[in-house]
Asks: 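Here you go, one structure.
Sequence positions, counted from 1, serve as the residue numbers for this chain.
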Amino acid sequence: MPEIQKLTRTRLNAEIVNVRYENPENGFAVVTLLCDDGTRIAGKGSLPSPRPGQNIEADGYFEKHPEFGLQFRIESCRPVPPSTVEGITRFLQHAIPGIGPKTAAAIVAKFGKETVKVLDLYPKRLMEVPKIGKNKADTIAKVWKETHHRRNDMIFLEGLGITPAYCARLFKRYGENAVEAVRKNPYQLAEDVDGIGFLKADAIARSLGFAENSPERMTAAAVFALNTMIGDGHVCAPVQVLTGECVKLTGQDSATVSVGISHALEKHLLYLIDEYIYTPRTASAEVKLPYFISALAEAKNFPGAKLQKIAPQAGLTLDVLQQQAVESLFVRPLNIITGGPGVGKTTVIGEIVRRAKAARIKFALAAPTGRAAKRMSESSGCEAKTLHRLLMFDPATLKFNYCADNPLDCDLLIVDEISMLDIILAYQLFQAVRPGTSVVLVGDADQLPSVGPGKVLSDFMNSGFFGVTRLTRIFRQSGNSAIISNAHLVNSGRLPQSVRPAAGELTDFYWIEQDDPEKAAALINTLVTERIPERFHFDPMSEIQVLTPMNRGECGTAALNAQLSAGLRAGCDESFQFGNTVFKQGDRVMQNSNNYDKNVFNGDLGQIIKINDQSKTFTVCFDGERLVDYNFDEANQLNLAYAVTIHKSQGSEFPAVVMPILNQHFVMLRRNLLYTGMTRAKKLLILIGSRKAVEMAVRDARVRPRYSNLAARLAGLKKSSGS
């Protein structure tokens, strides 16, 4: 995509004459500005509650956008009182409820350029204007005073280095008490205001004179450091490890940061259990989950006997391990079926479901993501739900309707793609399963671990509470797939093998050796937009997916998405801009957070099918069937999705995958990452990367360690149960 050309950096005094777009969540707006010399120009950036007639003093630069022409990019600005008669008139009618064009014109006709002074100092003089009585004068004066107060608050907050975007969030969270809240404890902002983490709050606090070793700073640092570790997959942290992280974060000594950790424990922001520190959610999940597992495993009355009575399906031949996977349900209530691609996990699920139907056993099918649930539905012929839908999450209460006090109404529960299950969701799931229910967990233990905290599948497999069957045989229908054979090679520690098809024939796996990021990015663009559609007849808008290890860099998701959108949607006039991203009609998008009101979840893929500039809304079609409406200011929930990270692709399959594995990705290169990416491809996989980078990934079989005591807690219960 052509780059935006930055021109002159300057300070601009201008009047807002039109607000074309405003996002109250983050303060981003697109406006029409009337400059002092009479010229009009589009302005975009963070503006505090922009209104027509409002004057601003803005710092930024002029830029030439390849699609939208000359614009002024606002980096910071502050409102100033309007100075012209026309500006004052426009501002009054837009800023104060109840003042229309005629009333605004009458006020300005009476006081002229002194109108602002009169409103500031002598508001009672408004009664001198015809048809403005005492009540209306008092209302206008009150709103004007509030506007003036907000303007002063903005100046104060910006003086602390808080951008207008975050000022907007502060006002939304705290209202007129925003300044008081910031002065009292700026570190609380990290908990209360989206996007303000510890580092931003810390900078604000330092501007207010908070000491480097203040208790507030140390407490906030402890919570932030642990939450950062949880974001990396840990459930908890040893006291000494968390202390070390706090020392690095704050620059203070161990004794000082330990005071902050102690304060966080006293306030129950953190919990200490056996020399490990947890958040309230991870503590509850790890301590309680093993008891639910133990209770389920010890149940004597489960539907195994009913399943055993059903004869095998006529004409269906299962190998020894597949048969063992089915028969495990006859003897124990908790079972895990694992294995790589093409080993027949779907066949086993199908046989279990068939027997459950024949035995009239009430069963439920589920998976962590919408795409995985849809695929499970298609392969089984029965409805499968996401775990959130299965447990009926209530966005009003932020709780699941199905829980320990209201368990699921089923006798057999099968959950697919279990490698994606983190400890928080596992706890919510298993507390909602009543004893006597058979639970079958299905997944690939060699894939990447869950994005969320914990290593649940690994801990379950080693606990002794579950029967574990690992399927290993690649079946005939998959044996001719170079994708599957190469995925198994990688998983066993060997390099994938390039396939040389006969002249005029095609294969499903190609390895193009390239390590120059710019050349690789250009090649990806050509493959997706031209070569794959022409040669293999896959639709680039719905069937080709780029998977990459990282978000940043020339071959990261951000750069590739911009490039692919520009190429695939060139000439599309229907578009809107949110932040630095241009969304076009037809663009592929991915939901990046759970939205229970709209019934869309993190990782759901869709396509923008309609943009309405008048109503400031757009419509996304998910999974080719569900239509979901968004306001423009909800676009922060979506990312362009021509390219997504390998982590984000978990639970999904795509007809064609293009995957760069370059030396610049070295910090991410692990065997399970490469293996996970390869197993997302169903019919075509094109690997782009140097031999060195691929070797680096294949050779490194280490699984990044995660602090968790779930395995030990499960082992303790297993030992005490004597089984």
Side-chain angles (χ1 to χ4, degrees), residues 293 296-297 318-353 365-369 372-373 375-376 379-380 384 387 412-423 425-426 429-430 438-452 454-475 478 483-485 487-493 646 649-653 670-680 701 703 706 708 710-711 714:
I293 297 296
L296 290 168
L318 301 179
D319 79 346
V320 174
L321 290 175
Q322 288 178 312
Q323 188 66 37
Q324 178 182 311
V326 174
E327 292 175 354
S328 289
L329 275 73
F330 305 163
V331 296
R332 62 179 64 85
L334 298 182
N335 289 280
I336 293 174
I337 302 168
T338 184
V343 297
K345 297 190 296 294
T346 300
T347 301
V348 173
I349 293 175
E351 174 63 6
I352 294 171
V353 168
L365 308 180
T369 67
R375 199 167 64 249
M376 195 181 189
S379 63
S380 67
L387 290 174
L412 169 64
L413 173 64
I414 305 174
V415 184
D416 200 4
E417 295 290 351
I418 200 65
S419 63
M420 302 177 68
L421 191 66
D422 64 44
I423 196 167
L425 192 52
L429 172 64
F430 279 94
S438 280
V439 180
V440 181
L441 306 180
V442 185
D444 188 342
D446 295 316
Q447 286 189 23
L448 288 166
S450 60
V451 175
K455 42 189 178 67
V456 172
L457 177 54
S458 171
D459 291 343
F460 281 0
M461 289 176 66
N462 296 319
S463 68
F465 284 115
F466 290 81
V468 179
T469 305
R470 183 181 285 271
L471 305 179
T472 57
R473 178 185 171 190
I474 302 175
F475 286 88
S478 303
I483 296 173
I484 290 177
S485 61
H488 283 277
L489 282 176
V490 166
N491 198 35
S492 63
I646 295 172
S649 73
Q650 286 179 266
S652 299
E653 277 187 353
R670 295 286 191 278
R671 184 185 298 174
N672 58 2
L673 180 110
L674 176 58
Y675 173 75
T676 300
M678 294 177 72
T679 55
R680 301 308 91 203
V703 176
R706 293 183 168 192
S708 168
L710 178 61
L714 287 166

Asks: Which residue pairs pass the salt bridge (Lys or Arg N to Asp or Glu O under 4.0 Å) test with at least one member in residues 320-338, sequence neighbours excluded?
Replies: none

Asks: Hey, what do you get for NZ (Lys345) to OG1 (Thr469), rounding to the nearest 0.5 Å?
Replies: 13.0 Å

Asks: Begin from the C-alpha positions of Leu365 and Ser380 and carry the test side chain to side chain contact (heavy atoms under 4.5 Å, CB included) through to its verdict.
Replies: CA-CA 9 Å; Leu365 308 180; Ser380 67; 3.3 Å; yes

Asks: As an exercise, state the distance from CG of Asn335 to CZ of Phe465, rounded to the nearest 0.5 Å.
Replies: 14.0 Å

Asks: Ignoring hydrogens, what is the shortest heavy-atom contact between Thr679 and Pro341? Give both atom names and the distance.
Replies: CG2-CG, 3.7 Å

Asks: For Ala372 and Glu417, work out which heavy atoms get closest and say how close.
Replies: CB-CG, 3.7 Å

Asks: Using side-chain heavy atoms (C-beta onward) and a distance below 4.5 Å, is Val343 in contact with Thr472?
Replies: no

Asks: Under 3.5 Å, which donor-acceptor pairs do the side chains of residues 438-448 form with other protein atoms, sequence neighbours left out?
Replies:
unit_1, atom_1, unit_2, atom_2, d
Asp444, OD1, Asp446, N, 3.0
Asp444, OD2, Tyr675, OH, 2.5
Asp446, OD2, Asn491, ND2, 2.8

Asks: Let's go through Gln650 and Thr676 carefully: what are the C-alpha distance in whole Å and the side-chain angles of both, what is the deciding distance for side chain to side chain contact (heavy atoms under 4.5 Å, CB included) to 0.1 Å, and is it a yes or a no?
Replies: CA-CA 7 Å; Gln650 286 179 266; Thr676 300; 4.1 Å; yes

Asks: Looking at CZ of Phe460 and CG of Leu334, how far apart are the two atoms once the value is rounded to the nearest 0.5 Å?
Replies: 8.5 Å

Asks: Minimum heavy-atom separation for Gly342 to Ile484, with atom names?
Replies: CA-CD1, 4.0 Å

Asks: Do you know which two heavy atoms are closest between Arg375 and Gly651, and how far apart they sit?
Replies: NH1-O, 3.1 Å

Asks: Going from CD1 on Ile423 to NZ on Lys455, what distance comes out if it is rounded to the nearest 0.5 angstrom?
Replies: 9.5 Å

Asks: Decide side chain to side chain contact (heavy atoms under 4.5 Å, CB included) for Arg706 and Ser458; before the verdict, give the C-alpha distance in whole Å, the side-chain angles of both, and the deciding distance to 0.1 Å.
Replies: CA-CA 11 Å; Arg706 293 183 168 192; Ser458 171; over 6 Å; no

Asks: Is the backbone N or O of Thr338 less than 3.5 Å from a side-chain atom of Arg470, with the two atoms forming a donor-acceptor pair by type?
Replies: no

Asks: When you compare the side chain of Ser328 with that of Ile337, does any pair of heavy atoms fall below 4.5 Å?
Replies: no

Asks: Roughly how far apart are Ile418 CD1 and Leu429 CG, rounded to 0.5 Å?
Replies: 7.0 Å

Asks: What pair of heavy atoms forms the shortest contact from Ala384 to Ala366, and how long is it?
Replies: CB-N, 4.5 Å

Asks: Go through the steps for Ile349 and Ser379 under the test side chain to side chain contact (heavy atoms under 4.5 Å, CB included), then give the verdict.
Replies: CA-CA 9 Å; Ile349 293 175; Ser379 63; 6.0 Å; no

Asks: Where do Ala701 and Arg671 come nearest, in terms of heavy atoms and distance?
Replies: CB-CZ, 3.5 Å

Asks: Could you tell me the separation between the CG atom of Leu457 and the CG atom of Asn462, rounded to the nearest 0.5 Å?
Replies: 9.0 Å

